*Asks:* 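Starting off with a structure, shown below.
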Amino acid sequence: MVEAYVMITAAAGTARTVAETINEQDEVSRAHIIAGEFDVIAEVEAASNQELLSVITEEIQSVENVGHTRTCIVLE
């Protein structure tokens with residue numbers, strides 16, 4: 001199991017919608033609106049690094065109004 005935190009920038013005024021949409025995805029444990037450099041943080045669990053890559057690039061980054069993402073993989 002691979003766990004990661006994905007920080008997401010959203011277009012102005014869309015953080016709530018982005019968080020709600022991302023939160024609906026099976027691999028996302030939870031997504032929250034946050035303050036700071038990023039607008040949303042999502043906790044993601046995947047079976048492998050390859051699946052994590054797929055979740056980020058095909059599911060999270062393709063959500064409307066998502067700008068860029070930064071991923072932190074949990075090591076321990």
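Note that the structure is predicted; figures quoted are calculated from it, not measured.
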*Asks:* Closer than 3.5 angstrom, by distance alone: can the side chain of Q25 be matched with the main-chain N or O of E59 as a donor-acceptor pair?
*Replies:* yes
*Asks:* To the closest 0.5 Å, what do you measure between CE (M7) and CZ (R70)?
*Replies:* 6.0 Å
*Asks:* Has T14 got a side-chain atom pairing as donor or acceptor with T17's backbone, closer than 3.5 angstrom?
*Replies:* no
*Asks:* What distance separates T21 OG1 from R16 CZ, expressed to the nearest 0.5 Å?
*Replies:* 12.5 Å
*Asks:* Mind checking the CD-CG spacing from E37 to D39? Nearest 0.5 Å is all I need.
*Replies:* 10.0 Å
*Asks:* So among I22, I56, I41, which one has a side chain to side chain contact (heavy atoms under 4.5 Å, CB included) with I8?
*Replies:* I22
*Asks:* Rounded at 0.5 Å granularity, tell me how far CG in L52 sits from CE in M1.
*Replies:* 11.5 Å
*Asks:* Looking only at heavy atoms, which two atoms of A31 and A19 are closest? And how far apart?
*Replies:* CB-O, 3.7 Å
*Asks:* For H32 and R30, which heavy atoms make the closest approach, and how far apart are they?
*Replies:* NE2-CD, 3.4 Å
*Asks:* Given E45 and E3, is the side chain to side chain contact (heavy atoms under 4.5 Å, CB included) satisfied, shown in steps?
*Replies:* CA-CA 5 Å; E45 295 179 351; E3 296 178 56; 4.0 Å; yes
*Asks:* Would you please test H68 and F38 for ring pair (Phe, Tyr, Trp, His ring centres under 6.0 Å) and show each step?
*Replies:* CA-CA 9 Å; H68 69 276; F38 294 92; 5.7 Å; yes
*Asks:* Do the non-hydrogen side-chain atoms of V66 and T9 ever get within less than 4.5 Å of each other?
*Replies:* no
*Asks:* When you group the ILVMFWY residues by side-chain heavy-atom contacts below 4.5 Å and let the links chain together, are V74 and I34 in the same group?
*Replies:* yes
*Asks:* Would E58 and S54 count as having a side-chain donor-acceptor pair, cut-off 3.5 Å?
*Replies:* yes
*Asks:* Does the side chain to side chain contact (heavy atoms under 4.5 Å, CB included) test come out yes or no for Y5 and T71, once each step is laid out?
*Replies:* CA-CA 6 Å; Y5 292 94; T71 303; over 6 Å; no
*Asks:* Side chains of V2 and I73: does their closest heavy-atom pair fall under 4.5 Å?
*Replies:* yes
*Asks:* Check whether N65 reaches the backbone of A11 with its side chain - one donor and one acceptor, N or O, closer than 3.5 Å.
*Replies:* no
